[in-house]
2 protein chains.
Amino acid sequence: MGQDSRSGDHGPRAETGTKDALLSAAVRVFARKGFQEATVREICREAKANVAAVNYHFGGKEALYRAALETVFSMKDPAADEFADRTRPAEDRLRGYLDSIVDELYVRCPSDKAGQDKHALFMIETMNPSPHLDIMVQLYVQPRADLLRDILRDLLGPKAPDQVLRDCAQSIWAQMLHPRMFGAISDRLKPRLPSPAERLDEYKRHLIRFSLGGLEGIRRRLNKDSE
Amino acid sequence: MGQDSRSGDHGPRAETGTKDALLSAAVRVFARKGFQEATVREICREAKANVAAVNYHFGGKEALYRAALETVFSMKDPAADEFADRTRPAEDRLRGYLDSIVDELYVRCPSDKAGQDKHALFMIETMNPSPHLDIMVQLYVQPRADLLRDILRDLLGPKAPDQVLRDCAQSIWAQMLHPRMFGAISDRLKPRLPSPAERLDEYKRHLIRFSLGGLEGIRRRLNKDSE
DNA sequence: AGTTGTTTAAAACGAATGTTTAAAGCGAGC
DNA sequence: GCTCGCTTTAAACATTCGTTTTAAACAACT
């Protein structure tokens, strides 16, 4: 069973088309339905391919899902590591970091379909981890976590234990993600208030204030402990 | 089609058994598998009932799920509204609130099976909202949200807008829930550190410090704005 | 043209699921 | 004792899904 035309021994054909179409259809469908809910048939319909194509080209639904994750999370991000240069004041870098990740997560430009699918998949895989979660963590989460840890290291000083950095990072990530994970719940709470997603800039300001305040609280405690 | 023996006109039989067994089996199975993954057959097996029993007594899988949610979230909580009395200092009440909810969410006493199922269902329904999410919000989330809002009102003063209270409440809830929602991801981040669930007391201390600091930051801003 | 290996296509398979059916079981009331 | 209504049971039904099968279409090389 030849699986991949491009790795064939002699006759590399012109663009297969089908395999790529399957992959990008898979990204879209998985992004809006998740692994379980998405069906091979729907993906093939969207890729204008036969039902058997998935098994032929990828070996099965699960392998296709894995391939879709790899594709999506290997994409280079537009904005990124401008917050890595240690010359800028740490507080500014944190601001920039929050701003950029929140924009990333609550994609506002409806043009960037690929980016939307990417973050939909991030949410899906986060809320419902599959055996292939590692791919996403390694390619997507880890770099962002490292970046934040460096910023927090600067903010909290060299004496701050790793565990404290991790806790703070999680507090910050939690707040960034919360509106996406609890949107459905928040919408049903009385009194009904506009969701953070509807007032992103305001929520970003809250986020930075609350987080800087929280870090200040942690820093005070660190200093008190080291006396 | 008589649905309920206890609402029958004349002959209320001895304990039907089956319907109750079905309900409690449903709670357990849904709690560990979610709505989609759970199968009617497994629930019936666990309830020692026939496959058709679900449709006979409840009308279908979905109605059974709804009934399970109603059952579980109608349970009165052991600990609760001791933080409602406005005499205690607000900061203490926040401490108590965090402590009690975290304990609730990361149930440590393995005896309380019902409580575990309840919070498993809470997580499942949060991460994968069903059409019956409202039940849970109304019976479970709303009272806890109200409690926290009152505490935050005391902490931030009467001039704080509702929107600010809500944002702060969400920041705090986000942190409480984060370890449960992102446990799988955090476990895969390098360097590997013990998860908050493995060191709950330490994490609770972080949570209270970070949150009080965050609130202090918000309060400062409120005062500055009102000058 | 003919051969070969790869890709597509239609159909069918086999397993699992929620639901329905039709008959049997069973307790109470006349 | 018998009927009637509610409950339980086993079997079947209808659908859906991932996957397999089998054969036809296709492109390149000899």
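Just so it is clear: chains get the letters A, B, ... in the order the sequence lines come, proteins before strands, and each one is counted from 1.
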Q. Do we see a donor-acceptor contact under 3.5 Å between the side chains of A:Glu125 and A:His132?
A. no

Q. Do A:Lys61 and A:Phe35 meet the cation-pi criteria used here (NZ or CZ under 6.0 Å from the six-membered ring centre, within 45° of the axis)?
A. yes

(Q) If we count only N and O atoms by modelled type, under 3.5 Å, do the side chains of A:Gln163 and B:Glu202 hold a donor and an acceptor together? (A) no

Q: In whole angstrom, give the distance that lies between atom CZ of A:Phe58 and atom C1' of D:dG18.
A: 16 Å

Q) Is it true that the side chains of A:Glu198 and A:Tyr106 contain a donor and an acceptor less than 3.5 Å apart? A) no

Q.
Which label fits A:Tyr97 and A:Trp173: parallel for a plane angle under 30°, tilted from 30 to 60°, or perpendicular past 60°?
A. perpendicular

**Q.** Check: B:Leu105 main-chain N/O paired with B:Arg180 side-chain donor or acceptor under 3.5 Å
**A.** yes

Q: Calculate the interatomic distance between B:Tyr56 atom OH and D:dC6 atom P; express it in whole Å.
A: 7 Å

**Q.** Short side-chain to backbone donor-acceptor contact, B:Gln142 and A:Lys190, under 3.5 Å
**A.** yes

Q.
Check the phosphate of D:dT7 against B:Thr18, side-chain N and O only, distance under 4.0 Å to OP1 or OP2. Yes or no?
A. no

Q. Strictly by modelled atom types, are B:Tyr203 and B:Gln175 linked by a side-chain donor-acceptor pair under 3.5 Å?
A. no

Q | Distance below 4.0 Å between A:His57 side-chain N/O and C:dT6 OP1 or OP2 | A | no

Q: Would you kindly give the CD1-to-C1' distance between B:Ile43 and C:dG18, to the nearest whole Å?
A: 11 Å

Q: Give the rounded distance in Å between these two atoms: NZ of A:Lys19 and P of C:dT6.
A: 13 Å

Q. From C:dT8, D:dT7, C:dT20, pick the nucleotide closest to the side chain of B:Asn55?
A. C:dT20

Q. Between the side chain of A:Arg144 and the main-chain N/O of A:Tyr140, is any donor-acceptor distance below 3.5 Å?
A. yes

Q) What class does the angle between the rings of A:His206 and A:Phe210 fall in, given that below 30° is parallel, 30 to 60° is tilted and above 60° is perpendicular? A) tilted

Between protein and nucleic acid, restricted to nucleotides 22-25 of chain D and to nitrogen or oxygen atoms under 3.5 Å apart, what atom pairs and distances do you find?
none

Q.
With rounding to the nearest 0.5 angstrom, report the CZ to OG distance, B:Arg93 to B:Ser100.
A. 13.0 Å

Q) B:Asp20 has an atom CG; how far is it from atom P of D:dT8, in whole Å? A) 11 Å

Polar atom pairs (N or O), protein with nucleotides 9-12 of chain C, under 3.5 Å:
from, atom 1, to, atom 2, distance (Å)
C:dA10, N7, A:Asn50, ND2, 3.4

Q. Counting only non-hydrogen atoms, which of residues 23-40 of chain A are less than 4.0 Å from DNA chain C?
A. none

Q: Take the protein atom CZ of B:Arg45 and the nucleotide atom P of D:dT9, then report the distance between them rounded to whole Å.
A: 15 Å

